[in-house]
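In what follows, every chain begins at residue 1, and chains take the letters A, B, ... in the order their sequences are listed.
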4 protein chains.
Amino acid sequence: MVYAIISPVAEHKHGDLPKPDDVTATVLLSCDDAIGIIATVTGFVNAHGANVSSSETHQDQEQGKFFQRIEFGLDRFDLDREMIQPLLEWEIGDHFSVRSSIAFSDQEQRVGVLASKPAHCLHDLLSRWRLGELPGRPVCIISNHPDHTAEAEYNGLPYHHLPVTRETRSEQEERMIGILEEARVDLVVLARYMQILTPRFLECFPNRVINIHHSFLPAFPGGSPYRQAYLRGVKVVGATAHYATAELDQGPIIEQDVTRVSHRDSVTTLVRRGRDLERVVLARAVQAHLEHRVLVVDNRAIVFG
Amino acid sequence: MVYAIISPVAEHKHGDLPKPDDVTATVLLSCDDAIGIIATVTGFVNAHGANVSSSETHQDQEQGKFFQRIEFGLDRFDLDREMIQPLLEWEIGDHFSVRSSIAFSDQEQRVGVLASKPAHCLHDLLSRWRLGELPGRPVCIISNHPDHTAEAEYNGLPYHHLPVTRETRSEQEERMIGILEEARVDLVVLARYMQILTPRFLECFPNRVINIHHSFLPAFPGGSPYRQAYLRGVKVVGATAHYATAELDQGPIIEQDVTRVSHRDSVTTLVRRGRDLERVVLARAVQAHLEHRVLVVDNRAIVFG
Amino acid sequence: MVYAIISPVAEHKHGDLPKPDDVTATVLLSCDDAIGIIATVTGFVNAHGANVSSSETHQDQEQGKFFQRIEFGLDRFDLDREMIQPLLEWEIGDHFSVRSSIAFSDQEQRVGVLASKPAHCLHDLLSRWRLGELPGRPVCIISNHPDHTAEAEYNGLPYHHLPVTRETRSEQEERMIGILEEARVDLVVLARYMQILTPRFLECFPNRVINIHHSFLPAFPGGSPYRQAYLRGVKVVGATAHYATAELDQGPIIEQDVTRVSHRDSVTTLVRRGRDLERVVLARAVQAHLEHRVLVVDNRAIVFG
Amino acid sequence: MVYAIISPVAEHKHGDLPKPDDVTATVLLSCDDAIGIIATVTGFVNAHGANVSSSETHQDQEQGKFFQRIEFGLDRFDLDREMIQPLLEWEIGDHFSVRSSIAFSDQEQRVGVLASKPAHCLHDLLSRWRLGELPGRPVCIISNHPDHTAEAEYNGLPYHHLPVTRETRSEQEERMIGILEEARVDLVVLARYMQILTPRFLECFPNRVINIHHSFLPAFPGGSPYRQAYLRGVKVVGATAHYATAELDQGPIIEQDVTRVSHRDSVTTLVRRGRDLERVVLARAVQAHLEHRVLVVDNRAIVFG
C-alpha cells in the first residue's frame, strides 16, 4: 500500500546536490601502517590535480593499522572517476592489505526508514530532511503499523504498511527487502523499529542498517531498557546508534550519548528523557554515515570528525 | 491571513485532559521562611481531604525565603477551587509576605508560537504536541515570514503571516497582541522569533513569554552569538531558554545546556550543533512552565524537579 | 605495621565540628506512603521547637513508598537526642513500616581508606580532607602494597601494609576487620582497592563500604573494564561509585559519571580519562554518604540533593 | 625564602624521559593553505627516514589557513636536530607564511607554579606529577601566602613566599621573574593565583602562562564569578583555562568544561562544584601544552587531539 507521493511542503531541501565545479570525492581507506602512507595518499591526490579539502588520519598503534578519510575537489582532477579507487590502491600497494571505498558528492544517497509505533525519531529525521539539515534523501517509510500515514504524506513519501506476526515474519521481511531494493536505498534507518530483523535481511544491506537502541550499550541490551535502568538504580541513562548485525544489539557503535537521572525518575520520566537522546543520537549517526565519515573495522566504528 | 484550520493529522494528543477523579491542583508559593511553614501548608491540604501527590520545597537561607510547589488530588477535597488560594494564604499569614498561584490540571493551557525563518524549534515543538509529549495546546502560529504555512496547516493551526519593518513594528505588534489575546493564550513561545519585542508587548504577558537564545547566557547576548563564539575560540557552546523581559537577553533563565566544540568547528558547524541544543532546551523550558514548575523571584527562576 | 602518626601539615581542617548552637540532627526515613505523612513528620519536629533547615521528600508512586530527609537545629529542641527517633517512629505509626536513622552534626564520622597500587583516588580524597572539602575524618589507610607510606605519613595517618595472597586472604581480611573496628570507623572507602572482599568482611560494615568501579555499571563489570570498553568500541566511558555487596559490582549505585571518547582513544588514554572520572565520582559519593544524604532501598540508592 | 628541597616521596615519576631509541620530535606549523601542503610536510619527514607516529591537520577554510601537528621518531632520522625546522620551512616555501615550532621528547620541560590561598588546583597538579600522569617537571612554587610550605616540602620543591601589596607589586613581580628565569621554566601555571599580573610579567613568558578562571568565559570575567553566576540564576557553571594576556581573562582559551546547577545551589555549593571543574580543566590544559598540542593563532587556541 503506497499512500502519498505529492508533498504539500513547498520547498524540499534534502537532496540539494552540488554544482559541477563543487563536486568532491571522499575516500575512506584502511591498510597496514607503514612509513610514507600519508605522503603516498595525499601525493597521489595532488599529483592528479586535486586540492584536498579535508583529510583526517588515524593510526591504531596497538594493531598496526592506518585509517584515512580524504575529501578532494574534482573540477581539475585528471582521472576518470572509476579509475581513482583502483589506481590509489595500486599506488599504496597490495601487500599493505588496502581496503577502500569512494563516494561522490553529486551521487544522491537514498534512505529507507522503518518505524513501529513510537514516532519521535521518525518525526525528527523527517523534519531535518525538510530543513536541509541532513544529507541524502528519504525515499520511503515502512511500518508494521498504520500510524504514520499522514506524516509520510505530508513529507511526500510513499508509506508501506506491512503488519507482521510471528508466522508472517519472513514473508513480511521479503516484502520489505523488495520495496527497499526497488527504491534503490543506500541506507536503511531503523527509527525505533521494534521488530527483530533476521540475518537474511541484514545480509542484504551489510553495514548499511542503522538502529537506535534506547540504552547506553552494552548496558541493558534487549527489551525494556528503561525499566532495567530503573530497577538497577543507575544515575545516567543513554542511547546508542549502531549498525545492526545478526547478533542483537552487538553491532558497531556509531554514536552514544547519556543524560543524568536520579531516584526521582520513574520509568515514565526515564522514557521521556531518553526520547530526547534517541532523537539526537540517531540523527548524528545517520549524518555521519551519509557524510562518509564512518569506517567499520572488527566490529568497531571509526567515526571521523 | 489565517491559512489552515483543519488538520490532516488523525489523532491530536495534545490537550488530553484528565478524568474528573484524576484532577489535581498545583500551588506554587513563596514567603518568608519561618518555623512550621512546611507543616502548615501540607497540614492545610491534608485537613481538607487531599492527598499530596508531589511536594518540593526550597529554602534560600541567604535571603531567608521559602518556596514550595505542592500538587494534590481534588477528588475528595472539601473546598471550592476558588477558595483554596485565599484560605491557604490566610492560613500562612499575611506577615510572611506570601505570594502564590494555583493551577488545575483540567484547565487547558493555550500556547501561541512565534517564529521567524528558522523552523527547527517550531518543527520540534509541534512534533512533541502531536506525540503528546508536551502538555498544553498550541492554538496559533505567528510569523513575519510566510514559510511555515504548510507546517501550520499540517498541524491544524491557524497561521498568521505578519511582515514587519522598522516603520511598522508597533502596528505589527498590536496585531500580534490582538491575535494572541483573542486566542486566549496562556503562554507565548518565541521559537526563534528574531525580532526584538517592545516592553509594551511583554507587559501584556508578564513572565509568560519564553524565548530561546542561541548561546549560554550571559555569554554572547545579542546578535550572531555563534560567530561571536567562533571568534572567541570557546570550547563549549550553549543555548538558553528564558522569560523575555524588557532588557534584551536579561530575563530569568529557565533552562540551559551546552555541548563541547573545538577549533575544527566553523561558524556553520557551530550553528548546526547549536540547533540540537536550541530544540531540546526550549522544549524543556516550555514543559517546565506548562507543568507549573517555574517560580520567578528577583529575576531568577526556581525550576522544581 | 603502623608508620606515621604526626602530620607535617599545619592545619588539618577535616573534622571541624560545629559550635553547640549550630548542631543539627538529620533524619532519613522511609515508610509506606499515606495522606499526611509530610505534615506529621515536619509537625513533630516543629512541635518540639526545632526549625527545619532542610527537608526533601520523595514519593515512589509505583511502589507506594515515601522517603524523607529532614535536617533541623537542636539549640531550642526540647527532646533528648536518644528520644527523637523512637518518638518520631511512634508518631508516624508502626503500621506504615517506618524505618529511620538519625545522625548529629557534632558526631565525628571516622573513615578507613583501603587502596591497592593506583593512588589517584587516595591522593584526591586526602587532599580534599586536608582542604576541608569533605566532612568526616580519615583515621587509617590500609593497603596490600607498601606504596603509600609517605602519603599516609604526610597526612598524619597510620598506614597498615597488609600483603595478601590467595592463601592468606581470609587471615588478611580478619586483620583488616580488626584494624577498622579498633579504629571505630563509620565508613570504609575502597579507593581503587583491587582485591575482592568476602561476604564476611562486607557483613561487618553493611551499606558502609563504598567502592569505585571504573566503568558505567552495569556495563563492563569485573576486570579490565577499559579494555572491554576499547574492544566494544563505545563512545562514552564512565565510573560508578556503589555500596559493595556480596555480589561483585551489583551493589546500590550512589553516583556515576561519564565522558565522551572516540576511536582515537587507546586503552591507555581511556584509562587516563577514566581516572578523572573515578576521582570525582568517588569523592561525590563519599561526600553524599557522610552528609547523610543516601538511603538504600531494595538495592537502589536514593541520594537526596 | 626557599624552604624544602629534598622530597620524602620515594619515587618521583614526573620527568621520566624516553630511551634514546624512542625519542620523538613534534612539529607544530601554520601556513597559508595550498595544494600539496600535507604531502610536502609528510614527504619531507619520510624522505629523511622518520616514521610518523602521529599527524593531525586542520584547514580553516574561512581564513585560508593550514595547521599541522606531526610527531615522528628520530632513531633513523638523517638530519641534525637543529636543521629540521629551517629545512622544513624552506621546503614549504617562504611565500606561504610558514610559522613553526619544534620540540623533542628528551628535552625536559620545566614548570613553575604560582598559587594564592586556594590550594585545590595546586594539590591536584602536584599529585598528578607524583603519579606520573603529567609530562614535564615542576621546579618551584611561588605564592603570596605562606600556606603551601608543607605541600612544597612534601613534593621536594623549593617554595618562595613573596607577599605582595599594591605598593610592592612591581618589585614582587621582578623577584618572581628572577626566580622563574633562574629556574629556567618553560611554562608558568597560575593555579588559582589571585593577583593580576602586569604586561611586563606576561611579556617575559609569551603564550607560556596558563591561568584557570572559575567561570565559562566570556561569561563572568573578573572577580567573584560564582556570586555573579548565582545572582544571574544560570543553570550551568564552568571553568576556563587560557593563556594569560595583557587583557584580563581575554587570552586564548585552551580548555573549558561546565556542570549543571540549579536554584538549590548557594554561592557556597557553586564554589564547591566549581572546584572540581577547575582542577580537571587546568590539568587538561597543562597537559595539552606540555604535549605540544596547542597552537595559538589570532587569540584562538588550536588544541590538537
Side-chain angles (χ1 to χ4, degrees), chain C residues 3-4 7-13 54 56 117-135 146-156 192 257 259-266 268-269 271-273 275-284 287 291 304-305, chain D residues 3-4 7-13 54 56 117-134 146-156 192 257 259-266 268-269 271-284 287 291 304-305:
Chain C
Y3 287 96
S7 164
V9 184
E11 33 164 358
H12 266 249
K13 287 189 187 163
S54 162
E56 192 177 339
K117 269 196 169 292
H120 53 289
C121 285
L122 178 68
H123 284 195
D124 184 69
L125 289 175
L126 293 174
S127 165
R128 288 169 192 269
W129 271 307
R130 289 201 304 278
L131 295 166
E133 278 188 27
L134 272 183
D147 305 49
H148 316 305
T149 311
E151 192 77 22
E153 187 173 355
Y154 175 54
N155 286 277
R192 297 296 308 270
D257 213 344
T259 194
R260 292 184 72 81
V261 298
S262 79
H263 64 273
R264 303 193 160 279
D265 286 289
S266 61
T268 306
T269 63
V271 167
R272 195 167 74 185
R273 286 172 191 273
R275 288 163 74 121
D276 281 339
L277 292 174
E278 294 162 30
R279 276 184 257 250
V280 75
V281 165
L282 180 58
R284 281 190 211 138
Q287 178 159 359
E291 291 175 356
F304 290 104
Chain D
Y3 287 96
S7 164
V9 186
E11 31 164 0
H12 266 248
K13 288 186 185 165
S54 163
E56 191 177 339
K117 269 198 168 289
H120 53 289
C121 285
L122 178 67
H123 284 196
D124 184 69
L125 289 174
L126 293 173
S127 165
R128 288 169 192 269
W129 270 306
R130 290 202 303 279
L131 295 166
E133 278 187 28
L134 273 183
D147 305 48
H148 316 304
T149 312
E151 193 77 20
E153 187 173 356
Y154 175 56
N155 286 276
R192 296 298 307 272
D257 212 343
T259 193
R260 291 184 73 80
V261 298
S262 78
H263 64 273
R264 303 193 160 279
D265 285 289
S266 61
T268 307
T269 63
V271 167
R272 196 167 71 185
R273 286 171 191 275
R275 288 163 74 121
D276 281 338
L277 292 173
E278 294 162 30
R279 277 184 257 249
V280 76
V281 165
L282 179 59
R284 283 190 211 137
Q287 178 158 0
E291 291 175 356
F304 289 105

Closest non-hydrogen contact found for Asp276(D) with Arg128(C) is OD1-NH2, 2.6 Å
Okay, Glu56(C) and chain D: the region with an atom under 4.5 Å from a heavy atom over there is neither
Only residue of His120(D), Glu151(D), His123(D) satisfying side-chain hydrogen bond (donor to acceptor under 3.5 Å, both in side chains) with Ser127(C) is His123(D)
For Arg275(D) and Leu131(C) the tightest heavy-atom approach is NH2-CD1, 3.9 Å
So, the part of Arg272(C) with a heavy atom under 4.5 Å from chain D: the answer is side chain
